[in-house]
Amino acid sequence: MKTFISKYWEFILSVFFGVAVFIFWDVLYPCYLSYQEQFQLFLFDGNYFMERIIVPGGLADYIAEFLTQFYYITCIGACILAIILVFIQRMSWVIAKHEGAVDEYYVASFIPALFLWVYMGDENVLLSFALACLVSLIICWGYIKLEDHKIYGLIYLLLIIPSFYWLFGSTVLIFVVFAIINIIKSERLKISAVGYSFCTVVYTLAWMLFVSTLIQYPMFRIFGGINYYRFPVTIPDMQIVTMIVLIIFPLLVSLLPHSERHKTLRVTVCITVTVLLGFFGLRIGFNPLKYELIDYDYLVRYEQWDKIISKAERHQPSTPMGVASVNLALAEKDVIGDRMFDFYQNGAEGLLPSFQRDFTSPLCTSEAFYRLGMINTAQRFMFEAQEAIPNFRKSGRCTKRLAETNLINGQYAVAAKYLRILQKSLFYKGWANNMMTYLYNEKKINSDPVYGKLRRYRYTKDFLYSDTEMDQMLGLLFARNLKNKMAFEYLMGCELLNRDLQKFLQFYPLGKYTDFDHIPRSYQEALVYIWTQSHKDFNGIPWGISNEVANDVTDFARAYISNPNDPSLIQGHFGQTYWSYYLLKKKK
């Protein structure tokens, strides 16, 4: 075993690194994989390929989107990322080794891959950048293999620069700078090194400027990359830093001391620096608040209601998107009336947040509207989210939901358009083929447990919709179908969150049409508060208030009268009551 480890320790370290990357994505951040997959829709279509390949970096973009579609199955997505990062690490070391690095610094070869890994913490970094970086290292390796053949090396340079730039984009600059460094370092080219390097730079710039005359893109994207980042108006500084690290790493490692003196110390320092860089880099690169929202979106997408509630129990959400996700999960588990105030609430916005001009937050809100039966509003939010994707891609998730909403509304021609698109994909094809059988088949749709129910719930008459009077919209929805329990719960929740107890009491009797087996706790707390405002005791109270609620309100009132600023009123058991929300917790 010792012999095996001593012989293959470098390979073993790379394998461990790959396993760590896989676990990171598949166990800790599957939401990242879902996020990337849902904001693109790879199609097996010739026109789709041509749209990608006609711009610089198009092949990288096409291959990246082909691979990203497999993120639909998170373990495959995690495996893809692990393979790419391991290959980048190995290629970095192969090049560094050629430049003169010694084995004791092998651990440092993980640093370029770590920089890329940290950069990918920005959810808008696309896989095309990682692929382009990997291919740039491969062509750097190809160049050094030809360094003993001056003519072949020159031909290689002349062919690779234009072809690589067009196929993989501006990471060609990694290769160009690497080639120039090697030209300058080569003793045989010392006399002509400056001229050779100058010509290489001019040749590269000339080609990129020529390309700028063929396509309508600003110069900063011609030189910084067209499809490496989801937002087309910026080139992140970290992208430039990552490219610089890939370029200078082999040179810096080759300059480190090689003597036997203090070898153990150097290895220890190398390992320490690499581990600390990875640990703190990943902590900084993966913003907890941002990924909390991405994770909520992921859990809502896959209907992981128990996990959403469990997540909120560990750490209270504080954003409209997070609060809305938790309330939706509570409603789906049929406990929203009992447990709504166990969690932070930010007013009625926490039920159905108003539309935001981005491509992420409308998704969760659309899910809530859809499940309520507000099909047109769900469709509008989903359509706007898809159209707001910064790099103008289409979304598999959005396209699927748009097909469903149009199917429910009987807009079969529009639904067919979306389904035909999905039929050209891999993971949505089977679903789309099945849904094609629903077109113009009223009986099949009406008998479907989901689509039939939503058809019965949805509005059927035109009226003036107002997102500033959501309680009225929910009231109309519930009046449309009194079996829509979720609509009633959202209506009552809306009045409670708005602190409008008069309307709450007005609508409360409608609960008799739903299938409640008890009065939800939050309703009891509101009712008992209303009663105590005009009565000294509970004698004659017309509602079935539990002894627990009656005792709690007495204790709460005693503590509140004694000291309204008592921290126990907004924390612990009392902090999870409607009284605490109504009297003490103001909307931030």
Side-chain angles (χ1 to χ4, degrees), residues 20-36 38 74-75 77-78 118 121-123 279-353 360-361 363-365 367-368 371 489-490 493 496-497 520-522 525 548 552 567-581 584-588:
V21 173
F22 175 85
I23 293 174
F24 181 87
W25 294 115
D26 189 49
V27 178
L28 300 180
Y29 288 95
C31 59
Y32 170 92
L33 302 172
S34 174
Y35 186 89
Q36 298 297 333
Q38 73 182 8
T74 56
C75 62
V118 171
D122 183 340
E123 74 282 6
F279 178 78
F280 288 106
L282 292 175
R283 285 181 64 90
I284 295 171
F286 289 79
N287 181 278
L289 178 59
K290 178 171 60 178
Y291 276 93
E292 175 185 301
L293 298 180
I294 293 175
D295 193 40
Y296 274 124
D297 176 58
Y298 165 70
L299 295 173
V300 167
R301 180 185 182 185
Y302 290 103
E303 302 180 356
Q304 300 293 309
W305 311 123
D306 288 325
K307 289 185 178 180
I308 291 175
I309 296 171
S310 177
K311 179 182 178 69
E313 288 172 339
R314 294 192 302 271
H315 179 72
Q316 293 278 341
S318 58
T319 62
M321 181 176 168
V323 175
S325 300
V326 174
N327 285 330
L328 177 59
L330 294 173
E332 288 292 330
K333 297 298 292 183
D334 200 20
V335 294
I336 187 170
D338 289 311
R339 299 201 60 193
M340 174 183 287
F341 295 98
D342 288 1
F343 305 95
Y344 170 79
Q345 298 294 338
N346 61 333
E349 282 282 299
L351 285 173
L352 297 167
T360 304
S361 59
L363 297 177
C364 287
T365 311
E367 288 288 344
R371 294 170 188 280
E489 290 178 316
Y490 265 60
L496 290 176
L497 293 171
R521 181 180 175 90
S522 63
E525 291 172 347
E548 181 183 359
D552 282 347
S568 68
L569 295 176
I570 58 174
Q571 298 173 356
H573 178 64
F574 284 152
Q576 296 177 340
T577 64
Y578 180 65
W579 313 310
S580 179
Y581 173 85
L584 301 170
K585 297 178 180 179
K586 303 301 180 183
K587 184 178 179 181
K588 296 182 180 179

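Note: hydrogens, waters and symmetry copies are ignored here, and every other heavy atom, side chains too, is used. Along the sequence shown, residues are numbered consecutively beginning with 1.
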Exercise. Can you tell me which residue pairs pass the salt bridge (Lys or Arg N to Asp or Glu O under 4.0 Å) test with a partner in residues 285-297, sequence neighbours excluded?
Key: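 Residue pairs with at least one partner in residues 285-297: Glu123-Lys290, Asp295-Lys311, Asp297-Arg397.
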Self-check item: Distance flag, aromatic centroids of Phe24 and Tyr32, threshold under 6.0 Å
Solution: no
Self-check item: Thr577 backbone acceptor or donor facing Ser580 side chain under 3.5 Å
Solution: no
Quiz item: With side chains defined as the heavy atoms from C-beta onward, is the minimum distance between Asn346 and Pro320 less than 4.5 Å?
Solution: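 Contact flag for Asn346/Pro320 side chains = yes.
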Quiz item: So do Leu328 and Glu303 actually touch side chain to side chain, heavy atoms under 4.5 Å?
Solution: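 No, too far: nothing below the 4.5 Å cut-off.
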Quiz item: Can you find a pair of side-chain heavy atoms, one from Phe286 and one from Val118, that are under 4.5 Å apart?
Solution: no
Self-check item: Side chains of Arg339 and Ile309 in contact at under 4.5 Å (non-hydrogen atoms)
Solution: yes
Quiz prompt | Validation row: Trp25, Thr74 side chains within 4.5 angstrom (heavy atoms) | solution = no
Quiz item: What orientation do Tyr291 and Tyr29 show, parallel under 30°, tilted 30 to 60°, or perpendicular over 60°?
Solution: perpendicular
Quiz item: Can you list the residues that meet the salt bridge (charged side-chain N to carboxylate O under 4.0 Å, His left out) rule with Arg301, with sequence neighbours excluded?
Solution: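 Partners of Arg301 by the salt bridge (charged side-chain N to carboxylate O under 4.0 Å, His left out) criterion, ordered by chain and then number, come out as Glu37.
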Self-check item: Contacts of type salt bridge (charged side-chain N to carboxylate O under 4.0 Å, His left out), residue Asp122, not counting sequence neighbours
Solution: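 If we apply the salt bridge (charged side-chain N to carboxylate O under 4.0 Å, His left out) test to Asp122, skipping adjacent residues, there are no hits.
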Exercise. Using salt bridge (charged side-chain N to carboxylate O under 4.0 Å, His left out) as the criterion, list what pairs up with Asp26, not counting sequence neighbours.
Key: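 Testing Asp26 for salt bridge (charged side-chain N to carboxylate O under 4.0 Å, His left out), a comparison that skips the adjacent residues, returns none.
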Practice problem: Test Val300 against every option in Ile308, Thr365, Leu363 by the side-chain contact (heavy atoms from CB on, under 4.5 Å) rule and name the one that passes. | Solution: Ile308
Quiz item: Is there a donor-acceptor pair under 3.5 Å between the side chain of Gln316 and the backbone N or O of Asp342?
Solution: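 Confirmed, Gln316 side chain pairs with Asp342 backbone.
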Exercise. Evaluate side-chain contact (heavy atoms from CB on, under 4.5 Å) for Leu330 paired with Glu489, printing each intermediate quantity in order.
Key: CA-CA 10 Å; Leu330 294 173; Glu489 290 178 316; over 6 Å; no
Practice problem: Using modelled atom types only, decide if a donor and an acceptor are shared between the side chain of Ser522 and the backbone of Asp338 within a distance under 3.5 Å. | Solution: no
Practice problem: With side-chain contact (heavy atoms from CB on, under 4.5 Å) as the test, would you mind laying out the steps for Glu332 and Arg371 before giving the verdict? | Solution: CA-CA 9 Å; Glu332 288 292 330; Arg371 294 170 188 280; 3.1 Å; yes
Exercise. Please name all residues satisfying salt bridge (charged side-chain N to carboxylate O under 4.0 Å, His left out) with Glu525, sequence neighbours left out, ordered by chain then number.
Key: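 Scan of Glu525 (salt bridge (charged side-chain N to carboxylate O under 4.0 Å, His left out), adjacent residues dropped) gives Arg521.
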Exercise. State, yes or no, whether a side-chain contact exists between Leu584 and Trp579 at a heavy-atom distance under 4.5 Å.
Key: no
Quiz item: Could you go step by step and tell me if Leu496 and Phe341 meet the side-chain contact (heavy atoms from CB on, under 4.5 Å) rule?
Solution: CA-CA 10 Å; Leu496 290 176; Phe341 295 98; 4.2 Å; yes
Quiz item: Which ring-ring contact (aromatic ring centres under 6.0 Å, His included) pairs, counting each pair once, include a residue from residues 302-337, with sequence neighbours left out?
Solution: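 Counting only pairs at least two positions apart or across chains, the ring-ring contact (aromatic ring centres under 6.0 Å, His included) contacts touching residues 302-337 are Tyr298-Tyr302.
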Self-check item: Side chain Ser310, main chain Asp306, donor-acceptor under 3.5 Å
Solution: no
